[in-house]
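Take a look at the structure set out below.
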Number of protein chains: 2
Amino acid sequence: MKPFVLIAEDEKAVAELLRYNLEREGYDTTIAPDGDEAMIQLDERVPDLVLLDWMLPKVPGIEVCRRIRSKPETANLPVIMLTARSEEGDRIRGLDTGADDYVTKPFSTTELMARVRAVLRRIRPALVEDKITVGDITVDRTTHTVSRDNRDIHLGPTEFRLLDYFIQHPGRVFSREQLLDGVWGSDVYVEARTVDVHVGRLRKALMSQGGDDPIRTVRSAGYSLKGS
Amino acid sequence: MKPFVLIAEDEKAVAELLRYNLEREGYDTTIAPDGDEAMIQLDERVPDLVLLDWMLPKVPGIEVCRRIRSKPETANLPVIMLTARSEEGDRIRGLDTGADDYVTKPFSTTELMARVRAVLRRIRPALVEDKITVGDITVDRTTHTVSRDNRDIHLGPTEFRLLDYFIQHPGRVFSREQLLDGVWGSDVYVEARTVDVHVGRLRKALMSQGGDDPIRTVRSAGYSLKGS
DNA sequence: CGGCTGCTTGACACATATGTGACACATACT
DNA sequence: AGTATGTGTCACATATGTGTCAAGCAGCCG
C-alpha cells in the first residue's frame, strides 16, 4: 500500500509541486487548500503523513496540528510543517507545535523528499520496511508472501492488499468506505458489501491452517486486525 | 567488506539508477553531483571503483580522472568513464587519461554491471563474486554457464541474464517493468508480455532435466526465483 | 420472544492474468 | 548464400480472482 500524504497548502503552485514530487516517489496524495478542508479530509481518511503550511486560511497550520494531536486516532500522525523564512524566528524551531519536522520555504524538493522519508521511517517504520509482523501473522512485501505461525498462506491480490492495509494499523477499526478507498482506490466504484466478502475470504485463508479469527468485526462500524 | 563505489554524476535520475543497481548487487555507494564534491569524497574515503561522468559540473570528469591518477593513493583506482554518444570521439582521450573502461549513455544496466564486475575482477579479484548458487541452481558468470544439480543447462543470452537477475535476490518478486528495465535495459521498448514468454523459456530450460519449477508466479505482481 | 438490522457465506457469471505454440524476422557463424 | 540460433509478438487456451446477489445467521432491543 502506498503511503498517503495530505498536503495542506493554499498556494496552488506549491501544492502542485509537492503533489508532483510525492507521486513521483510513489505516494498517494490529496490537497487541502485551507484548514477547514484539511480537518474534513483528516476525518475522511487518516493519511500516513501531513505536510502542513504554517499560514493556512480559515484555520492556521499550528491550530490544525494541535487538533491532530488532540484526537486519539491521529495523535501519532507524522506532521511536517512548512514555514516561510520570515516566520522562522519564533517557536517553530522548538517544535513545541507538535510537528515532527519543519522545512522553510523556499525549499529544495529533494531535501523535502528526504525529510519525508526520514520522518516516515522514524515514526511509522512499517511503511518503509518491507516485512511486518503482528502476532503470529507476517506480511513480506519483498517476497509478496504471507505467513501465519511460519506457514505460508496464499492470498489473492486483493486479499493481500487488504491484509497489508490492516496490518499497518493493528487494532484500528476501518470503515468499509475507508477500506474501499485505501485498498481498491478512491476512483473505482464497488458496493460496500464487497468488502465483507473479501474480509470473509481473507479470514478463511488466514484460518485455513487453524488458529483464531484474527479479524474483528465491529458492528455498524467496520473491521480491524486484532492487535498483538 | 562490500566494495565501495563512488558515483560521480550530476543527472540525478542517472545517478539514482546507478545507485539502485549497484546496491542491488551488493555494493556500497556514494554520489557526488559535481567534480569538486567528487574530489572531496575521494579524500574522505578511497573507493574501490569510480563511475565518472564525462560532463561533470565544476571540474570535468577527465580532469578528475587525471587528478586521481596523479595522487599516489589513488593511482591504481579503477575508473569507468560514462560518456554521451555524441562525445564518443573523445573516448580515446578518456582512455589516454587512464580510465579502465568507458560506457556510452544510454547504457543497459546489466551491461554496465558486467563491466563493473570485469574491471573489479581485473584489479581486485577478491572483491568479485563470480559464482552464485541458490538451491540446486548455479550461475557462473565467468564461464557463462548454468547448471542444475551439477548438470549443465544451455540458456540463450536473454534467459541467462534473466536468471542472473533473479538469482541475486532469491525470493524477491520482480514486476515485469523491473525485469524489463534490469534485463533488457531501460531504453528499449518491448511488450511487458514478452517477459512472460522468456520466463516460460527459462522455466522449460531449467526443468528440462526434471525437478520442480524454480520460478514462482505472483499474480498481478510479477515473478520470483524460489528461495533456498 | 419476535422483529429489526447488519453480517456471513456459497454460488455464479464475468473479468483479468498467465501459459504457450506458432511464426516472422534478426543476427551470428560457416 | 545457407544454416542455426535466438527474439519479440500474437492468438488462443487455461487458470485464477472479482463483484454481486440472496439466503441464512447473529446480535440487539423492545
Side-chain angles (χ1 to χ4, degrees), chain A residues 144-146 152-166 173-208 212-226, chain B residues 108 110-111 144-146 152-166 173-181 183-208 212-226:
Chain A
H144 240 264
T145 51
V146 172
D152 273 16
I153 288 177
H154 174 80
L155 295 181
T158 305
E159 276 77 58
F160 185 86
R161 273 178 294 150
L162 187 57
L163 176 59
D164 188 47
Y165 194 84
F166 274 127
V173 176
F174 297 100
S175 70
R176 288 171 181 71
E177 287 69 30
Q178 282 177 307
L179 292 169
L180 283 176
D181 278 2
V183 176
W184 276 258
S186 44
D187 43 352
V188 297
Y189 178 71
V190 288
E191 292 290 325
R193 286 257 155 258
T194 302
V195 174
D196 298 19
V197 176
H198 279 275
V199 167
R201 287 169 182 163
L202 178 55
R203 276 183 165 136
K204 193 161 136 189
L206 289 173
M207 293 192 291
S208 61
D212 300 344
D213 185 352
I215 295 175
R216 187 165 53 111
T217 301
V218 182
R219 203 181 160 84
S220 78
Y223 299 96
S224 78
L225 184 66
K226 288 176 188 164
Chain B
S108 131
T110 48
E111 190 202 328
H144 239 257
T145 52
V146 171
D152 273 17
I153 287 178
H154 172 78
L155 294 181
T158 306
E159 276 77 60
F160 183 86
R161 274 179 294 149
L162 187 56
L163 177 59
D164 187 48
Y165 195 83
F166 275 128
V173 175
F174 297 101
S175 70
R176 288 171 180 71
E177 287 68 30
Q178 282 177 302
L179 292 169
L180 284 175
D181 279 2
V183 176
W184 276 258
S186 46
D187 44 351
V188 297
Y189 178 70
V190 287
E191 292 290 325
R193 290 294 262 102
T194 301
V195 174
D196 297 19
V197 176
H198 280 275
V199 166
R201 288 170 181 162
L202 178 56
R203 276 184 166 135
K204 196 161 137 188
L206 289 173
M207 293 192 290
S208 60
D212 300 346
D213 185 351
I215 295 175
R216 184 169 59 115
T217 301
V218 180
R219 190 167 230 260
S220 82
Y223 299 95
S224 77
L225 184 67
K226 286 177 189 163

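Within a 6.0 Å radius of CG in D212(A), no more than 12 heavy atoms belonging to other residues, nucleotides or ligands are found.
Going from atom CD of E191(B) over to atom C1' of dT20(C) covers 17 Å, rounded to whole Å. Remark: P of dT20(D) and NE2 of H198(A) are 9 Å apart, rounded to the nearest angstrom. In this structure, CZ of R176(B) is placed 16 Å from P of dG8(D), rounded to the nearest angstrom. The interatomic distance linking D196(B) (CG) with dT16(D) (C1') rounds to 15 Å, in whole Å. Here the C1' atom of nucleotide dG8(D) and the CG atom of L162(B) are 14 Å apart, to the nearest Å. As a whole-Å value, the separation of L155(A) CG from dG17(D) C1' is 12 Å. Atom-to-atom, CG of L180(B) to C1' of dT9(D) comes out at 13 Å; the value is rounded to the nearest Å. Straight-line distance from the OH atom of Y223(A) to the C1' atom of dT9(C): 11 Å, rounded to whole Å.
Comparing atom distances between the V197(B) side chain and each of dT20(C), dT20(D), dT7(D) picks out dT20(C) as nearest. The side chain of R193(B) has dG19(C) as its nearest neighbour among dT8(C), dT9(D), dG19(C). Considering only side-chain atoms of H154(B), the nucleotide from dG6(D), dT20(D), dT18(C) that sits closest is dG6(D). Distance from the side chain of R203(B) is smallest for dG19(C) among the nucleotides dG19(C), dG8(D), dT18(D). The side chain of R219(A) approaches dC28(D) more closely than any other nucleotide in the set dG8(D), dG19(C), dC28(D).
Checking K204(B) against A221(B), the closest nucleotide of DNA chain C that is more toward the 5' end is the one next to A221(B). Position along DNA chain D of the nearest nucleotide to P157(B) versus E159(A) favours P157(B) as the more 5'-ward residue. Both T194(B) and G156(B) sit near DNA chain D, but only G156(B) has its closest nucleotide nearer the 5' end.
Heavy atoms of F160(A) sit nowhere under 4.0 angstrom from any nucleic acid atom. Nucleic acid contact class of V218(B) (heavy atoms, under 4.0 Å, all strands): sugar-phosphate only.
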message = Please determine whether side-chain hydrogen bond (donor to acceptor under 3.5 Å, both in side chains) holds for the pair R203(A) and S208(A), giving the CA-CA distance in whole Å, both sets of side-chain angles, and the decisive distance to 0.1 Å.
response = CA-CA 8 Å; R203(A) 276 183 165 136; S208(A) 61; over 6 Å; no
task = Given ring-ring contact (aromatic ring centres under 6.0 Å, His included), test Y165(B) with F174(B) step by step and report yes or no.
result = CA-CA 10 Å; Y165(B) 195 83; F174(B) 297 101; 5.0 Å; yes
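Interatomic distance, R201(A) CZ to E159(A) CD, rounded to the nearest 0.5 Å: 6.5 Å.
Side-chain N/O atoms of R201(B) and base N/O atoms of dG8(D) include a donor-acceptor pair closer than 3.5 Å.
Scanning all heavy atoms of the two residues, the minimum distance from E177(A) to A192(A) falls at OE2-CB, 4.3 Å. Counting all heavy atoms, side chain and backbone alike, W184(A) lies closest to L179(A) at CE3-O, 3.6 Å.
For the pair T217(A) and dG6(C), the criterion of a side-chain N or O lying under 4.0 Å from OP1 or OP2 is not met. In terms of phosphate contacts, W184(A) brings a side-chain nitrogen or oxygen within less than 4.0 Å of OP1 or OP2 of dG19(D).
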